[in-house]
Amino acid sequence: MAGALVFVAVLLAASVGATTATTLTIHNLCPHPVWPLVTPSSGFPSISTNTARLGPNALLSLSFPPTFWAGRVAARTGCDAAASGCWTGTTPPATVVQVTVHDGGNLDQATYSVSLVDGFNVPMVVSPQAVGGGQCPALGCPINLNCDCPPQNRTAEGAACRGPPEYFKNRCPLTRTTPTDVEPVPQSCRAPGELKVIFCQATIVTCGGEAERTVLADS
Ligand SMILES: *[C@@H]1O[C@H](CO)[C@@H](O)[C@H](O)[C@H]1NC(C)=O
């Protein structure tokens, strides 16, 4: 009897896409602190105060609105105490996660990508969890592209890289490196309960053994 009720409840939950809550989780696996910057696209509400400092292995959990929302996530590094000044991530060159949720007729479609169009600062991967259906591949760049960044394209004393796009695409094909670029894998993700953004997933954050002094500095 109780089992049947639970079964009905699960069916109801699965069929009401518009009310499926979606969480944005940001997990910092970098060995240095990161200050996430979540920016809504024009016309959408803010979902973060953008004051959190994530130490190594720290998590931040935010709630998307239950309606259509679009925006981006960047990773600021080397910020001062109030996060009013940062070494990288506030302006290009910087890695940018682009997200939409609760899109489409059923309000259950999510899209996501990692853009290197404006350059690179921190390795990022987006990994949908608890998905309702469709194809939800993990996308992004787990490699520290600052290491082999062409010397003339380095900025922020080697903590960010301007390109070129071919350099990014060769090493991180599951990203977007030009305005018309797409990933070579299909994506049609429905009703993810969680969009997980991981900074420095399984990545080597030192370059040839030399630590990235600027981003490692904890201010
Ligand atoms: C990389 O540096 C070269 C040489 O300075 C420059 O011509 C090129 O525009 C740079 N590429 C990017 C994407 O900034």
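Atoms within each ligand, like the ligands themselves, are counted from 1 in listed order. Quick caveat, the model's predicted, so the values are computed rather than measured.
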| Chi angles and distances behind the side chain to side chain donor-acceptor pair (under 3.5 Å) call for T111, Q109 | CA-CA 7 Å; T111 64; Q109 188 174 320; over 6 Å; no

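- In this structure, atom 9 (O) of ligand 1 has its sub-4.0 angstrom surroundings free of protein heavy atoms.
- Looking at L116 and L145, their side chains come closer than 4.5 Å, going by heavy atoms from C-beta outward.
- Using cut-offs of 30° and 60° for the angle between ring planes, the F168 and F120 rings count as tilted.
- Each of the atoms 1 (C), 2 (O), 3 (C), 4 (C), 5 (O) of ligand 1 lies under 4.0 Å from some heavy atom of Q152.
- Here the heavy atom of the protein found nearest to atom 13 (C) of ligand 1 is R162 O, 3.4 Å.
- F44 and F68 have perpendicular rings, their planes meeting at more than 60° on a 0 to 90° scale where under 30° would count as parallel.
- With respect to atom 12 (C) of ligand 1, the closest heavy atom belonging to the protein is N153 ND2, 3.2 Å.
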